[in-house]
Amino acid sequence: PVGTGLVASLARPGGNITGLAMMMPDLAGKRLELLRAVLPGVARVAFLAHGADPAHRRFLEETQVAAQRMGVQIQPVVVRGPDEFEGAFSAMVRERAGALIVQPLFTIDPQYRQRVVDLVTRNRLPAISDFREFADAGALMSYGPHIVDQIRRAGYYVDRILKGAKPADLPVEQPTRFELVINLKTAKALGLTIPQSLLLRADQVIQ
């Protein structure tokens with residue numbers, strides 16, 4: 001919210017906006033680390049970004065910073081909609097991407113999510129995104145805020161504002177609980193062995 005100019009700061013939002021920050025761009029490096037834990041030798045990772053979303057630049061920046069630290073090359077693949085998916089995946093394969101991170105806007109919508117998962121499966125790309133529905137649909141992993149907790153907590157803001165509180169006086173909250181889901185069935189189909197340490201950290205393992 002601060003990086004995109006929606007609020008002045010998390011503690012003092014100012015203006016007429018407050019709520020819950022999902023921290024999704026901030027977790028880009030963590031998702032890259034999880035891919036590296038499964039694919040320690042991966043040298044090139046594609047990032048499927050939603051060009052119509054101004055925040056996609058933050059996602060890419062955070063991922064690039066983490067990639068430089070790990071010695072991984074990031075291949076940004078920016079599309080504006082699902083009609084560009086086929087060309088995007090062709091570019092990933094052509095450039096020999098070894099894995100894929102997907103910006104969550106493409107995994108929120110069930111129709112987009114299934115198309116991405118179908119292409120990930122067809123091209124045998126280990127992929128990760130934020131929401132657990134991505135792993136549920138057949139991708140390798142998901143890691144992000146526990147969305148049900150976030151939705152429940154949103155009720156607190158609704159209650160306070162309806163009782164007269166000003167949004168400017170309500171600090172923006174960040175998630176405190178995160179969820180890692182691993183699709184072991186997909187891992188086996190890709191010929192990947194998930195480290196036991198990672199399986200023990202997972203909130204859910206899909207068999």
Side-chain angles (χ1 to χ4, degrees), residues 1-35 47-69 74 76-82 84 101-116 127-137 139 141-181 201-204:
V2 178
T4 54
L6 289 173
V7 299
S9 72
L10 297 181
R12 298 181 180 276
N16 200 37
I17 294 175
T18 189
L20 299 152
M22 298 289 282
M23 288 182 64
M24 288 184 286
D26 306 83
L27 297 173
K30 183 65 176 180
R31 284 183 281 277
L32 184 57
E33 287 178 10
L34 290 167
L35 284 174
F47 190 106
L48 184 65
H50 197 310
D53 174 21
H56 84 271
R57 295 182 181 86
R58 273 295 306 280
F59 279 93
L60 285 171
E61 287 168 5
E62 294 290 338
T63 306
Q64 293 279 15
V65 168
Q68 288 174 6
R69 186 175 67 248
I74 296 298
V77 183
V78 183
V79 300
R80 300 192 69 85
E84 298 179 17
I101 299 172
V102 181
Q103 188 178 337
L105 275 179
F106 288 130
T107 61
I108 294 172
D109 186 299
Q111 185 177 359
Y112 289 2
R113 178 170 62 242
Q114 195 56 58
R115 285 196 62 188
V116 171
I128 188 170
S129 191
D130 298 62
F131 298 115
R132 63 169 303 139
E133 288 82 1
F134 190 56
D136 288 339
M141 289 188 289
S142 65
Y143 179 78
H146 195 285
I147 191 67
V148 174
D149 283 359
Q150 294 289 91
I151 292 169
R152 287 176 179 149
R153 186 60 181 165
Y156 162 81
Y157 284 89
V158 174
D159 177 66
R160 291 290 306 278
I161 290 168
L162 289 178
K163 289 177 179 175
K166 295 180 180 179
D169 298 330
L170 296 175
V172 175
E173 291 187 3
Q174 294 181 308
T176 57
R177 184 180 173 195
F178 302 90
E179 188 174 37
L180 170 62
V181 179
R201 287 169 52 193
D203 297 275
Q204 183 180 356

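Position 1 is the first residue of the sequence, and the numbers go up from there. All values below were derived from every heavy atom in this structure, side-chain atoms included, with hydrogens, water molecules and symmetry-related copies excluded.
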Could you list the residues that satisfy side chain to side chain contact (heavy atoms under 4.5 Å, CB included) with [X], not counting sequence neighbours?
| X | value |
| --- | --- |
| Pro13 | Val7, Thr18, Val172 |
| Lys30 | Glu33, Tyr143, Arg201 |
| Glu179 | Arg132, His146, Val181, Asp203 |
| Ala154 | Leu20 |

Backbone of Leu60 reached by a side-chain donor or acceptor of Gln64 within 3.5 Å: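 No, because the side chain of Gln64 does not come within donor-acceptor range (under 3.5 Å) of the backbone of Leu60.
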
Flag the pair Phe47 / Arg31 as yes when at least one side-chain heavy-atom distance between them is below 4.5 Å, and no otherwise.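 Phe47 does not reach Arg31 side chain to side chain.
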
Contact between Asp149 and Thr176 at the side-chain level, heavy atoms closer than 4.5 Å - yes or no?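 Contact flag for Asp149/Thr176 side chains = no.
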
Which residues pass the side-chain hydrogen bond (donor to acceptor under 3.5 Å, both in side chains) test with [X], not counting sequence neighbours?
| X | answer |
| --- | --- |
| Glu62 | Arg58 |
| Asn16 | none |
| Asp53 | Gln103 |
| Arg153 | Glu173 |

Solution key, residues 105-113 side-chain donor-acceptor pairs under 3.5 Å, sequence neighbours excluded:
from   : atom 1 : to     : atom 2 : distance (Å)
Thr107 : OG1    : Pro104 : O      : 2.9
Thr107 : OG1    : Ser129 : OG     : 3.4
Asp109 : OD1    : Gln111 : N      : 2.8
Asp109 : OD1    : Tyr112 : N      : 3.3
Arg113 : NH1    : Thr107 : O      : 2.5
Arg113 : NH1    : Ile108 : O      : 3.2

